Amino acid sequence: ATAGVRPAGMGAAEYIMGRKLAVLKAIQGKLLSDEAALPIALVAQCGAHHEVRKMGEDLARARANKADFEDTALVGTLYRLLLGDAQQAQPGLPPPLAPA
């Protein structure tokens, strides 16, 4: 099969899950620094599939113990994961209501 092309007969969900697991396995192999891998692991923890979620939890636990939480890039990424940023704001939505 060509890279990036889903094999015939494979469902989209199965294909995507396989890709997610492959990425997590590569990250477990120290492909990325602890600071770069931690946000990916945190997002994987929110996955719908049990195996992806479990790998994300294990990876986050291992990398969080070693990550440098004084690293401004890591802190910025974690804040963006939690709060979003201006680029993610959707135009056309009404502004939030002010408290009464």
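No experiment lies behind these values; they were computed from the predicted model shown.
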Original post:
Would Asp34 and Asp68 count as a side chain to side chain contact (heavy atoms under 4.5 Å, CB included) if you check the C-alpha gap in whole Å, the side-chain angles of each, and the deciding distance to 0.1 Å?
Top reply: CA-CA 8 Å; Asp34 295 322; Asp68 176 13; over 6 Å; no
Original post:
Side chains of Asp58 and Lys54: closer than 4.5 Å at any heavy-atom pair?
Top reply: yes
**OP:** First locate atom CG of Leu31, then atom CD1 of Ile40, and finally report the distance between them rounded to the nearest 0.5 Å.
**Re:** 9.0 Å
Original post:
From Glu35 CD over to Thr72 OG1, what is the distance, rounded to the nearest 0.5 angstrom?
Top reply: 11.0 Å
**OP:** Locate the shortest heavy-atom distance separating Ala44 from Gly56; write the atom from each residue and the value.
**Re:** CB-CA, 3.8 Å
Original post:
With a 4.5 Å heavy-atom cut-off, do Leu59 and Leu24 have their side chains touching?
Top reply: yes
**OP:** Quick one: do Met55 and Lys25 satisfy side chain to side chain contact (heavy atoms under 4.5 Å, CB included)? Show the steps, please.
**Re:** CA-CA 8 Å; Met55 284 183 77; Lys25 286 178 185 174; 3.5 Å; yes
Original post:
Short question: side chain of Asn65, backbone of Arg61 - any donor-acceptor pair under 3.5 Å?
Top reply: yes
Original post:
Rounded to the nearest 0.5 Å, how far does OG of Ser33 lie from CG of Leu74?
Top reply: 8.5 Å
Which pairs of donor and acceptor atoms, one on a side chain in residues 45-53, lie under 3.5 Å apart (sequence neighbours left out)?
residue : atom : partner : partner atom : Å
His49   : ND1  : Glu51   : N            : 3.1
Arg53   : NH1  : Gly47   : O            : 2.9
Arg53   : NH1  : Ala48   : O            : 3.4

**OP:** Could you tell me whether the side chain of Gln28 reaches within less than 4.5 Å of the side chain of Arg63, counting heavy atoms only?
**Re:** no
**OP:** Using the side chain to side chain contact (heavy atoms under 4.5 Å, CB included) rule, take Leu78 and Leu42 through it: C-alpha gap first, then chi angles, then the decisive distance, then the call.
**Re:** CA-CA 9 Å; Leu78 295 177; Leu42 294 174; 3.5 Å; yes
Original post:
Would a 4.5 Å heavy-atom cut-off, applied to side chains only, mark Phe69 and Leu38 as touching?
Top reply: yes
